[in-house]
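What follows is a set of notes on a single structure, which appears directly below.
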Amino acid sequence: VQQRKNESLALDLDWLSLTDHSYCMENSDWNNFKKDVHNAISSSFLILHSEELSVGEDCPGTIETNQGLCQISLTCSGYAAHMGAHNVETFISDSPSSCPVGTTLRCPSSPGSQEGINLANGYSGFAIINHLFTELDVWDWKSFSCTSNYVGLEAWSSDFDTNDQSALNY
């Protein structure tokens with residue numbers, strides 16, 4: 001955390017949101033992460049402790065239109081997307097769908113897309129939709145028709161490319 005803060009200060013930034021995938025953490029990891037973040041915050045630099053939450057795409061029509069990672073693999077059921085749960089005080093865990101042992105995919109059965117947004121908002125945080133457009137179309141958020149109360153959309157993830165430009169044009 002301190003290293004990322006120092007790198008951000010060198011770039012003349014005054015805030016940062018640090019995230020990790022929800023499936024890479026447990027409650028104890030989350031609490032240690034939050035402690036590290038709180039210890040690095042100063043009057044001149046803000047850090048948000050955040051998690052990239054995997055949610056199940058559960059809107060009507062999503063199953064028919066989303067060629068999601070879980071379906072491409074033909075080993076799991078369901079569809080998945082990512083959202084940022086920023087500044088939440090409580091770790092939000094996800095429940096994987098039934099995937100065969102040894103499968104490396106993480107296709108959550110819960111929380112669903114709106115439930116994830118509601119949890120982020122309910123835990124004193126806010127929700128941002130991640131990955132509007134990706135190269136493989138596997139984590140793209142397809143649940144716009146039945147979700148609300150998110151505060152932003154991720155427009156840039158990793159190296160800026162045509163998918164990020166598509167998100168900006170959206």
Side-chain angles (χ1 to χ4, degrees), residues 1-57 68-69 80-96 104-108 110-144 147-170:
V1 172
Q2 188 62 47
Q3 178 183 350
R4 294 290 180 236
K5 176 183 176 180
N6 293 340
E7 292 167 353
S8 298
L9 288 169
L11 294 170
D12 202 28
L13 300 175
D14 55 7
W15 70 275
L16 175 66
S17 177
L18 291 174
T19 65
D20 200 348
H21 292 92
S22 55
Y23 54 81
C24 294
M25 290 195 275
E26 296 178 1
N27 272 326
S28 60
D29 301 319
W30 175 252
N31 290 329
N32 290 333
F33 174 62
K34 275 188 6 180
K35 181 180 174 185
D36 291 344
V37 166
H38 285 291
N39 288 337
I41 293 173
S42 66
S43 60
S44 62
F45 194 82
L46 173 66
I47 305 175
L48 300 177
H49 51 274
S50 308
E51 69 174 289
E52 186 169 33
L53 179 62
S54 295
V55 297
E57 291 268 31
L69 182 66
H82 279 155
M83 59 167 276
H86 296 274
N87 215 42
V88 293
E89 289 302 319
T90 302
F91 177 68
I92 304 171
S93 61
D94 59 24
S95 299
T104 58
L105 298 174
R106 180 71 173 200
C107 304
S110 71
S113 46
Q114 184 62 54
E115 182 185 6
I117 293 169
N118 294 346
L119 287 167
N121 293 336
Y123 290 146
S124 303
F126 57 94
I128 292 180
I129 306 306
N130 291 358
H131 315 312
L132 297 180
F133 301 98
T134 59
E135 184 175 335
L136 297 175
D137 190 39
V138 294
W139 288 106
D140 294 5
W141 190 271
K142 304 291 191 222
S143 297
F144 286 108
T147 53
S148 60
N149 299 320
Y150 50 88
V151 299
L153 306 172
E154 176 189 70
W156 180 12
S157 178
S158 189
D159 296 329
F160 193 85
D161 60 19
T162 56
N163 295 308
D164 298 309
Q165 186 63 51
S166 296
L168 288 175
N169 295 338
Y170 187 77

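Quick note: numbers below take in every heavy atom, side chains included, and nothing from hydrogens, waters or symmetry partners. Quick note: residue numbers are just sequence positions, from 1.
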Side chains of Thr147 and Ser113: any donor to acceptor distance under 3.5 Å?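 Note: Ser113 and Thr147 side chains miss the donor-acceptor criterion.
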
side-chain contact (heavy atoms from CB on, under 4.5 Å), that's the test. Do Ile117 and Ile129 meet it? Break it down for me. CA-CA 9 Å; Ile117 293 169; Ile129 306 306; 4.1 Å; yes

Starting at [atom1] of [X], measure out to [atom2] of [Y] and round the result to the nearest 0.5 Å.
X      : Y      : atom1 : atom2 : result
Asn27  : Asn32  : CG    : CG    : 11.0 Å
Leu119 : Ile92  : CG    : CD1   : 5.0 Å
Asn87  : Tyr123 : CG    : OH    : 15.0 Å

Just by distance, do the side chain of [X] and the backbone of [Y] share a donor-acceptor pair under 3.5 Å?
X      : Y     : result
Glu51  : Phe91 : no
Asp29  : Glu26 : yes
Asn130 : Glu52 : no
Lys34  : Glu89 : yes

Which heavy atom in [X] sits nearest to a heavy atom in [Y], and how many Å separate them?
X     : Y      : answer
Leu53 : Pro111 : CD2-CG, 4.1 Å
Ser8  : Leu16  : OG-CD2, 3.6 Å
Ile47 : Ala40  : CD1-CB, 3.7 Å
Asp94 : Ser54  : OD2-CB, 3.4 Å
Ser17 : His86  : OG-ND1, 2.9 Å

Answer yes or no: is there a side-chain heavy-atom contact under 4.5 Å between [X] and [Y]?
X     : Y      : result
Asn39 : Gln2   : no
Ser50 : Ile128 : no
Lys5  : Val1   : no

Indicate the ring-plane relationship of Trp30 and His49, choosing parallel, tilted or perpendicular according to the 30° and 60° boundaries.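 The rings of Trp30 and His49 stand perpendicular, inter-plane angle above 60°.
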
